[in-house]
Chemist: 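The structure that follows is given in the form of structure tokens.
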Amino acid sequence: MAEKMSRNSMPGQGMITLGMINQGMITLGIFLPAVIALMVVLGAPPARAEDDCVAVLGIGPEIDRFLDQAVAAQAAGAGVMPITDVLFGVTEISPEDQQDLARRPPVELTRRTANGGDYVSRGPGRITVEGVFAERDTLFRLPELIVGRYRLTEEGATLHYDPAHTVDVGESMLGINFFMSVNRTEISKDKLAFFFEDNDGDEPDRCYLVVRGG
């Protein structure tokens, strides 16, 4: 019996060894905190009220500029704006990432209806831009082609992304980048709201209050 157990316990014979278990536990111990952190950062329940929104200073003028350009493009039937004018409040972008953004032609807006239309952003390839947003290090992964629809209202604008050509937002945990795809973004003079993945509801996954002045 002892001899039989010894043969079956030899590594490489389909048996799980103690060393393999220990290695698995070590790996789990390394990556589990990152996974938990990701769930907290990107996978937490949607914001249910304005009390759950994060107040952000300094993005008011950038939102105003974006909305003014979108309204002007709609009135003219078409228009363009730099891709950086859509990255509201993102600071501390490295010179290398700024060069990657500068290589992308301006975002094109084309009126299709009385209050909305299509937008397209093209680039030489997929890039990942790192910056600081709402006092957090944040990653923005932009594919070669970004496509979607926009709708203008009295309050502001809503951007709907084509799932196959959307922007990913994420963070880096222990050197590993984690991302969530953006379904749509709602922009007003007072609030910025993100809806991730397949969230087609009314409650955003992340929202930010625009703090003006001070």
Side-chain angles (χ1 to χ4, degrees), residues 33-72 81-94 97-98 101 107 109 116 119 121 128-142 146 148-161 166-174 176-214:
V35 174
I36 293 175
L38 174 68
M39 293 172 65
V40 171
V41 172
L42 297 179
R48 299 296 180 183
E50 284 199 357
D51 292 341
D52 299 320
C53 297
V54 177
V56 182
L57 287 165
I59 64 175
E62 298 178 30
I63 287 180
D64 293 343
R65 182 168 61 249
F66 168 81
L67 292 175
D68 288 345
Q69 292 182 92
V71 169
M81 69 175 70
I83 186 68
T84 50
D85 283 0
V86 187
L87 295 175
F88 313 115
V90 182
T91 61
E92 300 185 26
I93 300 175
S94 71
D97 287 350
Q98 291 183 29
L101 288 170
V107 179
L109 292 84
Y119 64 86
S121 174
T128 298
V129 175
E130 183 174 3
V132 175
F133 178 76
E135 300 182 354
R136 297 187 69 97
D137 291 334
T138 307
L139 302 171
F140 299 88
R141 187 165 61 192
L142 283 60
I146 302 172
R149 307 180 315 280
Y150 69 88
R151 182 171 60 88
L152 302 178
T153 66
E154 293 183 359
E155 290 75 27
T158 299
L159 305 180
H160 292 268
Y161 292 84
T166 187
V167 173
D168 299 328
V169 179
E171 292 193 0
S172 181
M173 305 290 176
L174 298 178
I176 302 174
N177 297 338
F178 298 92
F179 291 90
M180 292 284 285
S181 297
V182 180
N183 179 306
R184 74 181 192 273
T185 306
E186 294 182 355
I187 306 143
S188 73
K189 291 183 176 294
D190 301 317
K191 184 189 294 186
L192 179 61
F194 292 94
F195 298 76
F196 293 142
E197 302 292 348
D198 56 353
N199 182 359
D200 293 320
D202 297 326
E203 303 293 344
D205 294 287
R206 292 292 176 272
C207 67
Y208 304 90
L209 298 179
V210 180
V211 179
R212 296 177 179 269

Chemist: Testing the basics here: between Ser188 and Val210, what is the closest heavy-atom pair and its distance to 0.1 Å?
Modeler: O-CG2, 4.4 Å
Chemist: Is it true that a side-chain atom of Tyr119 and a backbone atom of His160 form a donor plus acceptor pair closer than 3.5 Å?
Modeler: yes
Chemist: Hey, mind stepping through Phe88 and Leu192 against side-chain contact (heavy atoms from CB on, under 4.5 Å) and telling me if it holds?
Modeler: CA-CA 9 Å; Phe88 313 115; Leu192 179 61; 4.0 Å; yes
Chemist: Let me confirm one number: the CZ-CG distance from Arg206 to Asp52, rounded to the nearest 0.5 Å.
Modeler: 10.0 Å
Chemist: Does Arg184 qualify as a cation-pi partner of Phe195, given the criterion of NZ or CZ under 6.0 Å from the six-membered ring centre and within 45 degrees of its axis?
Modeler: yes
Chemist: Can you name the one residue among Thr166, Asp198, Asp168 that meets side-chain hydrogen bond (donor to acceptor under 3.5 Å, both in side chains) with Ser181?
Modeler: Asp168
Chemist: In Å and rounded to the nearest 0.5 Å, what is the CG to CD1 distance from Asp68 to Ile63?
Modeler: 12.0 Å
Chemist: Heavy atoms only: give me the nearest Leu142-Ile83 pair and the separation to one decimal.
Modeler: CD2-CG1, 4.0 Å
Chemist: Run the side-chain contact (heavy atoms from CB on, under 4.5 Å) check on Thr128 and Phe140 step by step: do they pass?
Modeler: CA-CA 6 Å; Thr128 298; Phe140 299 88; over 6 Å; no
Chemist: If you take all heavy atoms of Ser172 and Leu139, which pair is closest and at what distance?
Modeler: N-CD1, 4.0 Å
Chemist: Taking the side chain as every heavy atom from C-beta outward, state whether Glu130 and Ile93 have any pair of such atoms under 4.5 Å apart.
Modeler: no
Chemist: Starting at CG of Leu209, measure out to CG of Leu57 and round the result to the nearest 0.5 Å.
Modeler: 11.0 Å
Chemist: Quiz question: by atom type and distance under 3.5 Å, do the side chains of Asn199 and Asp205 form a donor-acceptor pair?
Modeler: yes
Chemist: Taking the side chain as every heavy atom from C-beta outward, state whether Arg151 and Thr153 have any pair of such atoms under 4.5 Å apart.
Modeler: yes
Chemist: Would you confirm whether Glu62, through its side chain, and Gly89, through its main-chain N or O, come within 3.5 Å as a donor-acceptor pair?
Modeler: yes
Chemist: For Pro82, is there any backbone N or O sitting under 3.5 Å from a side-chain donor or acceptor partner on Thr84?
Modeler: no
Chemist: Between Val169 and Thr138, is there a side-chain heavy-atom distance shorter than 4.5 Å?
Modeler: yes
Chemist: Any salt bridge between Glu171 and Arg136, counting N to O under 4.0 Å?
Modeler: yes
Chemist: Could you walk me through whether Cys207 and Val54 pass the side-chain contact (heavy atoms from CB on, under 4.5 Å) test, one step at a time?
Modeler: CA-CA 6 Å; Cys207 67; Val54 177; over 6 Å; no
Chemist: If I take atom CG from residue Asp137 and atom CE from residue Met173, how far apart are they, to the nearest 0.5 angstrom?
Modeler: 10.0 Å
Chemist: Going by side chain to side chain donor-acceptor pair (under 3.5 Å), name the residues that satisfy it together with Thr158, two or more places apart in sequence or in a different chain.
Modeler: none
Chemist: Apply the test side-chain contact (heavy atoms from CB on, under 4.5 Å) to residues Leu109 and Met81: give CA-CA distance (whole Å), side-chain angles for both, the deciding distance (0.1 Å), then the verdict.
Modeler: CA-CA 8 Å; Leu109 292 84; Met81 69 175 70; 3.9 Å; yes
Chemist: Using atom types as modelled and distance alone, determine if a side-chain donor or acceptor of Arg212 lies under 3.5 Å from a backbone N or O of Ile59.
Modeler: no
Chemist: Do Val90 and Val132 touch side chain to side chain, with heavy atoms closer than 4.5 Å?
Modeler: no
Chemist: Below 4.5 Å, heavy atoms only, C-beta onward: do Val167 and Tyr161 meet side chain to side chain?
Modeler: yes
Chemist: Measure the OG1-CD distance between Thr91 and Glu135 for me, rounded to the nearest 0.5 Å.
Modeler: 9.5 Å
Chemist: Return the CG to CG distance between Asn183 and Leu159, rounded to the nearest 0.5 Å.
Modeler: 11.5 Å
Chemist: Taking atom types as modelled, is there a side-chain donor on Gln69 or Asp85 under 3.5 Å from an acceptor on the other?
Modeler: yes
Chemist: For a 4.5 angstrom cut-off between non-hydrogen side-chain atoms, does Met180 reach Glu197?
Modeler: yes
